[in-house]
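Quantities reported herein were computed from a predicted structural model and do not represent experimental measurements. Numbers here simply count residues along the sequence, with the first being 1. Values below: every heavy atom of this structure, side chains too, minus hydrogens, waters and symmetry copies.
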Amino acid sequence: MGFPEEGESSTQSVPRRSRKDRDKTKEPRDKAKEPAAPRAQTWSPYAEGKRSRGPLWFAIGGVAVLGLLGAGLWVMWNADGPQSAETEASRPSSAPLPTTPPGKYGFAENRSTDPEPLTVKELFPTKKLAFEGRSYEMTVTGKAKKCADVVIGDKLQKALKKAKCTQLVRASFRDKGGKVIGTVGVANLSTATNAGKVAAIGDQKNYVKPLAGKDSVTKLVGTGSGGTKVWTHGHYAVMVWVQTKDGTKPDKKGTKRLFEAVDDFTKASVFKALDSRTLTGYPA
């Protein structure tokens with residue numbers, strides 16, 4: 001049984017008529033019906049047009065997607081879990097420390113394990129220096145790639161070339177009282193063996209060229225009598241020229257004071273930098 005036609009009561013009995021009788025008495029629907037009373041305006045997503053099955057399919061699709069997502073997560077968890085655990089177990093907790101090369105000066109034994117060029121700031125980081133209560137001032141610096149141009153003596157010049165010197169960094173200094181002045185130079189050579197050969201040549205005729213400053217004291221560096229010395233530190237040769245301000249030859253006590261000043265100045269500057277390279281192979 002169908003639903004009652006519009007305008008009929010659901011409880012009233014209607015006598016059955018033939019199709020022919022119904023056709024004769026039936027009037028067009030739009031003429032027989034009275035105009036409907038205005039209805040209040042309301043809005044629903046299903047009120048306009050034919051109801052779509054979209055919401056149902058979206059609901060079904062959402063359930064399916066959630067199901068697939070859950071299944072995918074389960075597969076990933078079970079498939080990647082052991083692999084991730086294995087990766088974490090095999091990953092080192094920290095980077096391995098570099099192995100220090102053999103030799104007294106470690107990484108600084110060879111330029112191959114200590115490749116970074118020297119800089120003025122690295123070797124001579126401040127103008128004011130102190131060591132064991134004695135004060136010094138750096139007044140001028142210089143850096144040369146042609147090492148032979150900043151040393152005195154044919155033998156030393158040839159030795160630097162043979163040792164593959166790539167740079168020679170210099171600085172001049174004075175003590176607090178202005179009585180001691182000098183120049184320190186650091187040559188960058190290929191190996192510690194070559195540095196030793198260069199040091200063996202250093203003497204009163206083969207030494208670093210004094211670097212005169214612009215102040216009233218260190219502008220006198222290189223005038224008069226001076227003392228020379230060459231140290232080695234791995235593949236570096238540390239060369240010095242030191243003198244009194246007036247350039248006179250000092251006595252035994254005066255000579256001791258000159259080289260004490262050189263020791264102080266280099267320990268507070270140059271050798272701090274080279275010690276760092278010994279341990280790491282890089283500037284501090």
Checklist outcome for this item: Sorted by chain and number, sequence neighbours left out, side-chain hydrogen bond (donor to acceptor under 3.5 Å, both in side chains) with Thr183 holds for Ser172
Next on the checklist: Could you check whether any side-chain N or O of Thr119 sits under 3.5 Å from a backbone N or O of Glu122, counting only pairs where one atom can act as donor and the other as acceptor?
Outcome noted: yes
Item to check | Phe173 reachable from Met239 in the ILVMFWY side-chain graph, under 4.5 Å edges | outcome: no
Item to check | Residues clustered with Phe131, ILVMFWY side-chain links under 4.5 angstrom | outcome: none
Checklist entry - What pairs of residues pass the salt bridge (Lys or Arg N to Asp or Glu O under 4.0 Å) test when at least one of them lies in residues 129-145, not counting sequence neighbours? => result Lys128-Glu137, Glu132-Arg134, Arg134-Glu260, Arg134-Asp264
Checklist entry - Under 3.5 Å, is there a donor-acceptor pair between the side chain of Gln243 and the main chain of Val221? => result no
Checklist entry - Do Val184 and Val242 come close enough that some side-chain heavy atom pair is under 4.5 Å? => result no
Next on the checklist: Tell me which pairs pass salt bridge (Lys or Arg N to Asp or Glu O under 4.0 Å) where either residue lies in residues 99-112, with sequence neighbours left out.
Outcome noted: none
Checklist outcome for this item: Heavy atoms of Ser269 and Leu129 approach each other most closely as CB-CD2, 3.6 Å
Checklist outcome for this item: Members sharing Leu211's hydrophobic cluster, built from side-chain contacts under 4.5 Å between Ile, Leu, Val, Met, Phe, Trp and Tyr, are Val140
Checklist entry - Do Thr113 and Thr100 come close enough that some side-chain heavy atom pair is under 4.5 Å? => result no
Item to check | All side-chain contact (heavy atoms from CB on, under 4.5 Å) counterparts of Lys197, not counting sequence neighbours | outcome: Thr193, Asn194
Next on the checklist: Can you pull out every disulfide bond (SG atoms under 2.5 Å apart) where at least one residue sits in residues 153-245? Sequence neighbours excluded, please.
Outcome noted: Cys147-Cys165
Checklist outcome for this item: Contacts satisfying side chain to side chain donor-acceptor pair (under 3.5 Å) that involve residues 222-237 (not counting sequence neighbours) are Asp114-His235, Asp114-Tyr236, Asn188-His235, His233-Thr278, Tyr236-Arg277
Item to check | Hphob cluster co-occupancy, Val270 + Val198, side-chain heavy atoms under 4.5 angstrom | outcome: no
Next on the checklist: Quick check on the hydrophobic clustering: are Val180 and Val238 connected, directly or via other members, by side-chain heavy-atom contacts under 4.5 Å?
Outcome noted: yes
Checklist entry - Pairs in or reaching into residues 161-190: which pass salt bridge (Lys or Arg N to Asp or Glu O under 4.0 Å), with residues at least two apart or in two chains? => result Asp175-Arg257
Item to check | All pairs passing side chain to side chain donor-acceptor pair (under 3.5 Å) where residues 201-213 contributes a residue, at least two apart | outcome: Asp203-Asn206
Checklist outcome for this item: Students should find that the hydrophobic cluster of Tyr282, defined by side-chain heavy atoms under 4.5 Å apart, otherwise consists of none
Next on the checklist: Show every salt bridge (Lys or Arg N to Asp or Glu O under 4.0 Å) that has at least one partner inside residues 240-250, sequence neighbours left out.
Outcome noted: none
